[in-house]
Protein chains: 2
Amino acid sequence: MNKKKVSLKDIAEKAQVSTALVSYVLNGKEKESRVGHEIAVKIKQIAKELNYQPNYLAKSLRSGKTQTIGLIIADISNPFFANIARIVEDEAKKNGYTVIIGSSDEKAEKSWDLITVFLNRQVDGFIIVSSENSEEQIQYLIEKNVAFVLLDRHFPTIPTHFVSLNSYKAAFDAGVHLIQGGYKNIGLIAYKSNLFHMQERIRGYRESLAENGIVFHPAWLKEVGFDTIDEEIKIGIDEMLASAFPVDALIFATYRLAVTGLKYINALGLKVPDDLAIVSFGQAEVFDLYYCPITYVLQPMEELGKTAVEILIHQLKEPHAEKRQILMEAQLMARDSSRSKAAIS
Amino acid sequence: MNKKKVSLKDIAEKAQVSTALVSYVLNGKEKESRVGHEIAVKIKQIAKELNYQPNYLAKSLRSGKTQTIGLIIADISNPFFANIARIVEDEAKKNGYTVIIGSSDEKAEKSWDLITVFLNRQVDGFIIVSSENSEEQIQYLIEKNVAFVLLDRHFPTIPTHFVSLNSYKAAFDAGVHLIQGGYKNIGLIAYKSNLFHMQERIRGYRESLAENGIVFHPAWLKEVGFDTIDEEIKIGIDEMLASAFPVDALIFATYRLAVTGLKYINALGLKVPDDLAIVSFGQAEVFDLYYCPITYVLQPMEELGKTAVEILIHQLKEPHAEKRQILMEAQLMARDSSRSKAAIS
DNA sequence: GTTTTTTGTTTAATCGATTAAACATACATT
DNA sequence: AATGTATGTTTAATCGATTAAACAAAAAAC
């Protein structure tokens, strides 16, 4: 990284003026600072000639702003989050911000680390997809007066800005969709997590049964641990199928659960949807490629990401505006994996 | 972002010494700068008490180093690159570096943008997955004496550090594998690209045929444009099947081509591998989930990513060491989609 | 023809950390 | 006692940009 970069001073010298003038001109403050017109033109010309690029570090040091956003996501290897990351990055760039991304891998500890590192890097604010038990981190940010928005997951008891999905409604719709298709014994595989959005998915599912007069059986709900999904999903599916009321349809509460579950369903030789109908949260190419396209809950990723950026940037400008809390609606994309029982020969 | 941060000066005042001493002590230079022992202890203690965190901006401005790496990948929505990104990030962090990621979406223009933005942000160096026709960018970096490593793709005519895959060998192996399985009419779907790794995949494929006495037919090779893969793949597959020598096996040169191609193969109602055997580059969950697990070329992602970081960091320490150019070997993971013809009933 | 205003430009402090060089003691050497 | 050598510590410049305040010269006001 050689070739000493062009600095304000270089321009100043070449134009035979002080750096102050150069700074005023290049920041469009000629008017307020009443810079002479010819000089202003000259400075602009020299700046262009030398291809001057201001030094962000110096700027940031002075201003206390880095024009950088820290994005902490729960799992970069999940295509949903990878996509969100890309959207956030694009949107931020449009607004003159750079994004630094970190993946917490669903671990509160890693997310603490990232917060520390990013704060050290003087990010202007955060967009966070929270992991379980990270409430104290959020409290910490609030106390420190750091700007942030929660994305995709939020804590109903902590007043923060957030943009997430109406998980209750989405799960409810998924349940109703299956019931209307003639399925009666509907299972749900979710994460064992106290995260609000997960609890809401469970609640929505149960409510869909209740409201349609279907008695819920405990074997139909399996909550699996993050670190043991492979084994637990197998156990869960086995139990659902072997129960006194064997399931004929199954909802997966996340993309990863679906992928793992479907592998096992394949291994068991079950035919979707004849033996088992499927609806899943999250979307991905996988669902298209499956021999029987998978019905899924379409999350408005583009909007989620863009809105998060928008809220954060607005917050940076007006730190004390009231909290914006947005719940977006998902859309159920019905495909073959949940086609009506009547339609199955 | 309130609560004025603790600075060196704060510590200095509290300890009644100059900032110089504080700096020496906290940077472990007590010995060289012969700082008094009691004072050193006192300073450390106060620093801990106040939970002092140095200001990276100031440090960087002074030192000219930001401890930041710019990672430019070709496509963040491709799980292969998303994974690489994660590996690079982890490895960099272990070495005290932060990574800023940008996706060029296979466009040279976007990649130019990213280079400019990242240089402005004073990254110490780059790890780049080049897009087509970006040679001049590479030349520019060389001229500017910027540290960088090419990852996964390189330009054989430009002397740079790089870590990539032995694409020729991998494609050759894929061809041989199919031939040994009894397949004789083998097609390849690749990108229409002058990128070296793509040309090498084509060369390896053709060589595998040639070396086994199979006459290559032009209809067997389809090169599709980045922006028109959907349509072109359909055309390509149609032509391969309708040709005078209809293919009984197909190699996809990348993950994305495979996903798109398999969708079409599904739509055509072809059975893998009975009607058509498949081998693909890249790996992903999709390949496990397919009704018939897909044979793929396993790239040593972990090593690719780690080595790239290692080379870059070494380069930052010793800018003039000779170029390290590494070609790693892929491993063919044989699965059902290419099982031997003899084994098919 | 002073005084005041306006216009145009420079000076210097600042952001926070680093570090060469200067300074000030104490101790050792002859 | 005079000089030299360690041992501690402070001063001040530096990285590059911003900006309040000081300054100077020209134009307007009385």
Side-chain angles (χ1 to χ4, degrees), chain A residues 1-44 46-47 50-68 119-122 124, chain B residues 1-44 46-47 50-68 119-122 124:
Chain A
M1 193 96 34
N2 270 15
K3 305 276 182 192
K4 70 267 171 204
K5 277 195 68 177
V6 182
S7 74
L8 262 200
K9 212 167 154 191
D10 298 326
I11 301 181
E13 271 164 20
K14 194 146 186 183
Q16 312 248 52
V17 296
S18 70
T19 61
L21 276 198
V22 180
S23 174
Y24 289 138
V25 170
L26 298 182
N27 288 298
K29 304 217 174 125
E30 324 172 25
K31 284 281 146 51
E32 302 96 294
S33 314
R34 355 169 254 265
V35 179
H37 185 253
E38 302 104 73
I39 275 276
V41 170
K42 186 174 174 193
I43 288 173
K44 280 182 196 158
I46 294 179
L50 301 183
N51 184 30
Y52 167 72
Q53 303 291 139
N55 183 320
Y56 265 91
L57 293 174
K59 254 186 144 112
S60 299
L61 178 59
R62 184 78 221 274
S63 67
K65 314 240 157 289
T66 54
Q67 298 288 112
T68 302
L119 277 179
N120 265 9
R121 293 270 170 171
Q122 328 278 136
D124 290 342
Chain B
M1 194 93 40
N2 269 15
K3 305 278 182 190
K4 68 265 172 209
K5 275 196 70 178
V6 181
S7 74
L8 262 200
K9 212 166 156 193
D10 299 325
I11 300 181
E13 271 165 19
K14 195 147 187 183
Q16 314 248 52
V17 295
S18 69
T19 60
L21 276 198
V22 180
S23 173
Y24 290 137
V25 170
L26 298 183
N27 287 299
K29 306 218 173 126
E30 323 172 25
K31 284 279 145 53
E32 301 96 296
S33 314
R34 357 169 252 267
V35 179
H37 185 252
E38 302 103 74
I39 276 277
V41 171
K42 187 175 173 190
I43 287 172
K44 281 180 195 161
I46 294 179
L50 301 183
N51 183 30
Y52 168 72
Q53 303 290 140
N55 183 320
Y56 266 90
L57 294 174
K59 255 186 142 113
S60 299
L61 178 58
R62 184 75 222 276
S63 67
K65 315 238 157 290
T66 53
Q67 299 288 113
T68 303
L119 277 178
N120 264 9
R121 292 268 168 172
Q122 328 277 138
D124 290 341

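So you know, we letter chains A, B, ... as the sequences are listed, proteins then strands, and number each from 1. Reckoned from all heavy atoms, side chains included, excluding hydrogens, waters and symmetry mates.
- When heavy atoms are screened at a 4.0 angstrom cut-off, Tyr52(A) is found touching the sugar-phosphate backbone but no base atom.
- As a whole-Å value, the separation of Glu32(B) CD from dT9(D) C1' is 16 Å.
- Contacts with DNA chain D (heavy atom under 4.0 Å) in residues 16-26 of chain A: Thr19(A), Ala20(A), Ser23(A), Tyr24(A), listed by number.
- Note on Lys9(B): every side-chain N or O is 4.0 Å or more away from OP1 and OP2 of dA17(C).
- Contact annotation for Ser33(A): base contact, defined as any heavy-atom pair under 4.0 Å involving a base atom.
- Judged by distance alone, the side chain of Thr68(A) and the main-chain N or O of Thr66(A) form a donor-acceptor pair under 3.5 Å.
- Separation of atoms CD1 (Ile46(B)) and CD (Glu13(B)) is listed at 11.0 Å; rounding is to 0.5 Å.
- Atom-to-atom, CG of Asn120(A) to C1' of dG16(C) comes out at 13 Å; the value is rounded to the nearest Å.
- Residues of residues 36-44 of chain A that place a heavy atom closer than 4.0 Å to DNA chain D do not occur.
- Taking atom CG of residue Leu8(B) and atom P of nucleotide dT14(C), one finds them 17 Å apart after rounding to whole Å.
- Contact between Tyr52(B) and Ser7(B) at its shortest, heavy atoms only, is CE1-C, 3.8 Å.
- The interatomic distance linking Lys31(B) (NZ) with dA6(D) (C1') rounds to 16 Å, in whole Å.
- Using a 4.0 Å heavy-atom criterion, one finds that Ser60(B) contacts no nucleic acid atom at all.
- Of the two residues near DNA chain C, Lys29(B) and Leu61(B), the one whose nearest nucleotide lies more 5' is Leu61(B).
- Using a 4.5 Å heavy-atom threshold, the side chains of Lys14(B) and Lys9(B) count as separate.
- If you take CD on Gln122(A) and CG on Asn55(B), they are separated by 4.0 Å, rounding to the nearest 0.5 Å.
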